[in-house]
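Note on naming: letters A, B, ... go to the chains in the order of the sequence lines (proteins, then strands), and numbering restarts at 1 for each one.
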Number of protein chains: 2
Amino acid sequence: MSATHAQTRFNSTLTSQCQNCSLSALCLPIALADEDINKLDQIIERKKPLKKGDFLFRQGEKFDSVYAVRSGTLKTFNITSVGEEQITGFYCPSELVGLSGVDSDTYPVSAKALETTTVCEIPFTHLEELSTQIPSLRHQLFKVMSRKISDDQQMMVLLGKKNADEKVASFLLNLSNRFKKRGYSASAFRLSMSRGEIGNYLGLAVETVSRVITRFQKNELIHVDGKEIEIVNFPEMQKLVGIASDCGKIANIR
Amino acid sequence: MSATHAQTRFNSTLTSQCQNCSLSALCLPIALADEDINKLDQIIERKKPLKKGDFLFRQGEKFDSVYAVRSGTLKTFNITSVGEEQITGFYCPSELVGLSGVDSDTYPVSAKALETTTVCEIPFTHLEELSTQIPSLRHQLFKVMSRKISDDQQMMVLLGKKNADEKVASFLLNLSNRFKKRGYSASAFRLSMSRGEIGNYLGLAVETVSRVITRFQKNELIHVDGKEIEIVNFPEMQKLVGIASDCGKIANIR
DNA sequence: GTCATATCTTGACCTGTGTCAGAAAAAGCC
DNA sequence: GGCTTTTTCTGACACAGGTCAAGATATGAC
């Protein structure tokens with residue numbers, strides 16, 4: 001009885017966090033009934049903020065949770081045979097980090113904060129259990145994983161077939177879309193990652209990223225001030241990415 | 001009652017197909033109790049063979065099933081803005097095709113047979129339902145999707161960071177591993193895809209693939225006879241891929 | 001079998017991007 | 001504030017791999 005009581009208390013202090021969270025429309029609770037959101041709330045732990053450079057988890061550590069980003073940005077990466085870091089993704093608010101750990105029971109990548117970042121920890125076994133009780137949650141989980149698969153495959157197309165200009169343009173439009181989805185400006189935003197990290201992610205040298213960005217600015221496609229980016233000429237940028245079939249997809253990567 | 005009867009008949013003709021299937025230890029039924037395998041059997045439809053070049057499904061079509069490959073090979077690809085095909089994966093027996101369709105309700109890629117191929121169709125809504133009743137099946141499904149995510153991310157590393165030699169070596173060792181897993185020779189096998197398709201997948205020109213393969217043969221790393229490949233010098237090939245951290249991963253892509 | 005078509009190989013050449021080097025700007029730090 | 005360290009930018013140059021071309025080999029149709 002005391003356990004139930006404790007749970008109720010826990011629930012009452014943190015209850016409706018998901019409901020009140022400005023990200024709830026984008027995050028896991030999407031399409032959940034209020035009571036179901038409460039159930040989800042009960043298994044979620046809000047962790048204290050990570051400072052820039054802090055690890056959320058490290059490659060090889062035991063997997064037990066996925067994390068929803070509340071604020072800030074994370075990168076995931078692994079270390080190649082020659083000891084260099086290979087970035088496999090950037091994660092913005094409302095996005096889920098750590099899904100690749102489910103299979104092997106250890107995280108196959110490390111996750112590190114690019115700036116001050118807060119996350120919600122979601123113990124995966126609890127989430128799986130809960131997904132038995134709430135079909136729409138289970139469906140949502142499948143969808144999120146499926147989405148990740150098709151996004152990563154778009155990324156493979158980008159890495160395999162695109163030149164430096166197309167890569168950088170895709171990257172910027174992709175970020176733009178993610179900001180837009182969260183209600184921020186689609187045209188002006190701040191890059192939380194360095195040029196080096198962008199290059200690493202896109203399979204380009206830092207120098208190439210820098211040159212492409214400079215050239216985009218010269219051609220008045222974008223306006224740049226350090227990490228602040230403003231996309232000035234959307235049509236032209238979209239044309240660069242390829243306006244047809246795959247463009248919509250690419251632009252929607254998240 | 002007649003419906004139940006029909007189901008029983010269906011079950012009795014096809015029953016234990018999964019149990020008898022030589023792939024069951026690799027495919028979805030992994031770790032399922034006999035009775036659960038029977039339940040799974042009932043929702044699975046064995047389709048008639050695809051001939052080389054036949055589509056299993058096309059990009060944009062309504063998603064309703066995932067498919068387990070029983071024999072043969074498939075490729076998935078999408079069409080880029082400039083109308084060229086970009087291959088996103090090859091699928092061997094026991095592997096699951098179509099998972100990327102769950103999110104958007106349409107397949108984001110097309111799937112085409114590279115040779116005569118048979119598949120089991122698994123209607124996804126049924127599979128999802130069944131996964132509610134069988135926790136180990138649900139867990140297995142999450143694992144399969146998670147595995148796909150981490151494999152694709154390894155592929156991103158390969159596309160972004162590796163040179164032509166490393167790409168081709170990774171590709172061959174990857175195939176070798178997949179054959180081995182199914183009980184076939186890890187050292188000698190037949191490529192069901194053309195050099196062009198390999199190049200497309202790896203982000204290389206056909207000519208480059210051809211040159212690399214020829215050079216590998218000259219250096220006695222492999223022996224080649226058209227589509228027949230024999231890996232002669234495993235240690236050297238593994239060294240090419242990068243023996244450290246990520247190598248094990250890469251070699252395990254599937 | 002013969003012919004037609006697709007795939008594969010090889011050579012010669014070209015180009016986009018990586019590498020190296022150094023200067024300029026920004027970010028941390030005491 | 002000034003100092004150090006990191007990040008960004010720019011230029012000069014090199015080379016991996018793309019492109020073009022042409023011949024060789026394999027595959028398929030009839």
Side-chain angles (χ1 to χ4, degrees), chain A residues 51-54 75 80 82 84-87 112-116 158-172 190-219 222-229 240, chain B residues 51-54 75 80 82 84-87 112-116 158-172 190-219 222-229 240:
Chain A
K51 289 193 305 292
K52 177 174 177 171
D54 286 350
K75 65 174 174 185
T80 71
V82 283
E84 45 175 350
E85 158 178 330
Q86 165 66 41
I87 297 173
K112 202 181 212 178
L114 294 180
E115 55 192 324
T116 304
L158 182 146
L159 288 169
K161 286 269 177 301
K162 312 231 165 191
N163 63 27
D165 284 14
E166 295 167 335
K167 285 180 178 180
V168 174
S170 297
F171 178 73
L172 293 176
R190 190 176 174 284
L191 299 174
S192 49
M193 64 293 288
S194 70
R195 303 284 193 271
E197 287 167 327
I198 296 173
N200 182 303
Y201 179 60
L202 296 177
L204 296 173
V206 203
E207 294 91 331
T208 305
V209 175
S210 180
R211 274 187 263 263
V212 170
I213 289 183
T214 304
R215 185 151 32 78
F216 280 0
Q217 155 124 290
K218 238 169 232 155
N219 298 342
I222 61 179
H223 183 259
V224 190
D225 177 19
K227 306 222 157 198
E228 302 291 337
I229 297 280
L240 258 178
Chain B
K51 289 194 304 292
K52 177 173 177 172
D54 286 352
K75 66 173 173 185
T80 70
V82 283
E84 44 175 352
E85 158 178 329
Q86 166 66 41
I87 297 174
K112 201 179 214 179
L114 294 180
E115 56 192 322
T116 303
L158 182 146
L159 288 169
K161 285 268 177 303
K162 310 233 164 192
N163 64 25
D165 284 16
E166 294 167 335
K167 284 179 178 180
V168 174
S170 297
F171 179 73
L172 293 176
R190 189 174 175 287
L191 299 175
S192 49
M193 65 291 291
S194 70
R195 303 283 193 272
E197 287 168 326
I198 297 173
N200 183 302
Y201 179 60
L202 296 177
L204 296 172
V206 203
E207 295 91 330
T208 305
V209 175
S210 181
R211 275 187 262 262
V212 171
I213 289 182
T214 304
R215 185 151 31 77
F216 280 0
Q217 155 124 290
K218 237 169 231 154
N219 298 343
I222 61 178
H223 182 260
V224 190
D225 177 19
K227 306 221 156 199
E228 302 292 334
I229 296 280
L240 257 177

Checklist outcome for this item: Atom CD of A/Gln217 and atom P of D/dT8 are separated, to the nearest Å, by 15 Å
Item to check | Results of salt bridge (charged side-chain N to carboxylate O under 4.0 Å, His left out) for B/Glu228 - residues two or more places apart only | outcome: B/Arg190
Checklist entry - What is the nucleic acid contact for B/Lys167, judged by heavy atoms within less than 4.0 Å: base, sugar-phosphate only, or nothing? => result nothing
Item to check | Over 12 foreign heavy atoms within 6.0 Å of NZ, A/Lys52 | outcome: no
Next on the checklist: List the residues meeting side-chain contact (heavy atoms from CB on, under 4.5 Å) with B/Thr116, not counting sequence neighbours, and say none if there are none.
Outcome noted: B/Pro49
Checklist outcome for this item: Sorted by chain and number, sequence neighbours left out, side-chain contact (heavy atoms from CB on, under 4.5 Å) with A/Gln86 holds for A/Asn78, A/Thr80, A/Asn200, B/Val157, B/Lys161
Taking only nitrogen or oxygen atoms into account, show me every contact under 3.5 Å that the protein makes with nucleotides 7-13 of chain C, one pair per line with its distance.
unit_1	atom_1	unit_2	atom_2	d
C/dC8	OP1	B/Arg195	N	3.2
C/dC8	OP2	B/Arg195	N	2.9
C/dT9	OP1	B/Arg195	NH2	3.4
C/dT9	OP2	B/Arg195	NE	2.9
C/dT9	OP2	B/Ser210	OG	2.9
C/dT9	O5'	B/Ser210	OG	3.2
C/dT10	OP2	B/Thr214	OG1	2.9
C/dG11	N7	B/Arg211	NH1	3.0

Checklist outcome for this item: Residues at least two apart in sequence or cross-chain that pass side-chain contact (heavy atoms from CB on, under 4.5 Å) with A/Ala169, listed by chain then number, are A/Phe216, A/Met237, A/Leu240, A/Val241
Next on the checklist: I'd like to check the side-chain contact (heavy atoms from CB on, under 4.5 Å) partners of B/Thr208; sequence neighbours left out, ordered by chain and number.
Outcome noted: B/Ala164, B/Leu204, B/Ala205, B/Val212
Checklist entry - Rounded to whole angstroms, how far apart are CZ on A/Arg215 and P on D/dG11? => result 13 Å
Item to check | Overall bend - the helix from C/dG1-D/dC30 to C/dC30-D/dG1, comparing terminal axes fitted on five pairs, nearest 10 degrees | outcome: 60°
Item to check | Partners meeting side chain to side chain donor-acceptor pair (under 3.5 Å) with A/Ser192 (sequence neighbours left out) | outcome: A/Thr73
Checklist entry - Hey, does A/Gly199 reach any base, or is it just sugar-phosphate, or nothing, if we go heavy atoms under 4.0 Å? => result nothing
Next on the checklist: Without decimals, in angstroms, what is the distance between B/Glu166 CD and D/dG17 C1'?
Outcome noted: 14 Å
Item to check | Selection residues 196-216 of chain A - residue pairs positive for salt bridge (charged side-chain N to carboxylate O under 4.0 Å, His left out), sequence neighbours left out | outcome: A/Lys75-A/Glu197, A/Asp165-A/Arg215
